[in-house]
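Residue numbers begin at 1 in each chain, while the letters A, B, ... track the order of the sequences. Quick caveat: nothing in here was measured; it's all calculated off a predicted structure.
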2 protein chains.
Amino acid sequence: MPQETCLCIDLRTAANKLTQVYDQAMAPSGISVTQFSQLHTIQTLQGPTLKELAAASQLDRSTLGRNIRVLEKQGLVVTKTGHDARTRTIHLTAKGKQTFKNAVPLWLGVQSQLIERLGISGRGQLKDLLTTLTAPLAPNL
Amino acid sequence: MPQETCLCIDLRTAANKLTQVYDQAMAPSGISVTQFSQLHTIQTLQGPTLKELAAASQLDRSTLGRNIRVLEKQGLVVTKTGHDARTRTIHLTAKGKQTFKNAVPLWLGVQSQLIERLGISGRGQLKDLLTTLTAPLAPNL
DNA sequence: CTACATTATGGGTATATACACGCATTATTA
DNA sequence: TAATAATGCGTGTATATACCCATAATGTAG
């Protein structure tokens, strides 16, 4: 009976497809687009705790902890104990910084191509629509 | 250096958030929004093979096989061997049909609420933008 | 009709993701 | 200061997802 397609599935499908495109383009760098994003956030936040990084990434803490473990295994980040013995702060290694740097042009290649395709207005529209969609869900971050 | 947010991450984040909202709303039915979608497609395609269902869902065949196994374990679908002994066709069980039916109003509740929020034009815009974004990737389905 | 190619699927492996629960550490309050 | 609350993380469990390779079944060429 639902003759309308599901908004959620539409978004999931698009996100999956897009992820494949980004990942393929970024493959030479050795990291995926999600890892690229996480490295970027870590760099920007300069040694955030897991909680801070999770909040910034809008991901569950446990999810983030596991993602970080992968990056750690690959030698891209290290974690240290912060002032508070409960917290662990996350930092890029030299290899992590270099890997990120190498990935930037690859990321930029896909990203700018897609933005060109969308047009500036389309890009803004998309952002607004996604914000509208997700606004009711996370009003308090 | 990337002062622009990543389109892919934006989409992934929105999809994650939206999934949580749908799943929460549909929790009383016992199925998630992805399962709801899959049951719907199976019903529409009337006993599709794994390959057909994967194509319709725009998912990898192996992904779909595993998703189906979960539905099978929950007694919502059964698989039979088709004419061709290689293929397996997928069918809703009575429980599967009932579960889907029960889930429809829950799905509709979230969906219509979100569409109302987007507006008719916004909904169309979003669809067009997602199509534009993913068009280069899957031009041949 | 047999050797080879094609097809449909399964399994191994790996990441991404979330929720619920538990544990250790820190903060608060009595 | 001692008991209690709050906080930060980790783990268990489960789904969703994809890629690569193996295997069984079917189709095709010789």
[N], OP1 or OP2 - any side-chain N/O from [X] closer than 4.0 Å?
X: B:Lys73; N: D:dT15; value: yes
X: A:Asn67; N: C:dT17; value: yes
X: A:Arg69; N: D:dT11; value: yes
X: B:Gln20; N: C:dA18; value: yes

Rounding to a whole Å, what distance do you find between [X]:[atom1] and [N]:[atom2]?
X: B:His83; N: D:dG27; atom1: NE2; atom2: P; value: 12 Å
X: B:Leu59; N: D:dC19; atom1: CG; atom2: P; value: 11 Å
X: A:Lys17; N: D:dA16; atom1: NZ; atom2: C1'; value: 15 Å
X: A:Gln58; N: C:dT17; atom1: CD; atom2: P; value: 12 Å
X: B:Gln38; N: D:dT15; atom1: CD; atom2: P; value: 12 Å
X: A:Ile68; N: D:dG8; atom1: CD1; atom2: P; value: 17 Å
X: B:Arg12; N: D:dA16; atom1: CZ; atom2: P; value: 15 Å
X: A:Leu71; N: C:dT17; atom1: CG; atom2: C1'; value: 15 Å

Earlier contact from the 5' end, DNA chain C, for B:Gln24 and A:Thr34: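 Comparing both residues, the 5'-ward one is A:Thr34.
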First encountered from the 5' end of DNA chain C, between A:Asp84 and A:Arg66: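 Looking at the nearest nucleotide for each, A:Arg66 comes out on the 5' side.
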Look at all strands and tell whether [X] reaches a base, only sugar-phosphate, or nothing, counting heavy atoms closer than 4.0 Å.
X: A:Leu64; value: nothing
X: B:Ser32; value: sugar-phosphate
X: B:Thr19; value: nothing

Side-chain donor-acceptor contact under 3.5 Å, B:Gln98 with B:Asn102: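 Looking only at side-chain atoms, B:Asn102 and B:Gln98 do form a donor-acceptor pair, the distance falling under 3.5 Å.
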Does the [N] base have a donor-acceptor partner in the side chain of [X] within less than 3.5 Å?
X: A:Ser62; N: D:dC9; result: no
X: B:Thr63; N: D:dA18; result: yes
X: B:Arg86; N: C:dT9; result: no

What I'd like to find out is whether the side chain of [X] reaches to under 4.5 Å of the side chain of [Y], using heavy atoms alone.
X: A:Ile90; Y: A:Leu71; value: no
X: A:Val110; Y: A:Val33; value: no
X: A:Leu18; Y: A:Leu114; value: yes
X: B:Arg86; Y: B:Thr49; value: no

Nucleotide nearest A:Asp60 (side chain, heavy atoms from C-beta), chosen from D:dG8, D:dC19, C:dC19: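 Closest nucleotide among those given: C:dC19.
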Out of C:dT9, D:dC9, C:dT15, whichever nucleotide has its closest atom nearest the side chain of A:Gln74: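 For A:Gln74, the side-chain atoms sit closest to C:dT15.
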same_hphob_cluster(B:Phe36, B:Ile115) at 4.5 Å side-chain heavy-atom cutoff: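 Looking at the clustering, B:Ile115 is in the same group as B:Phe36.
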Which residue lies more 5' along DNA chain D, comparing A:Leu50 with A:Asn16 via nearest heavy atoms: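 This one resolves to A:Leu50.
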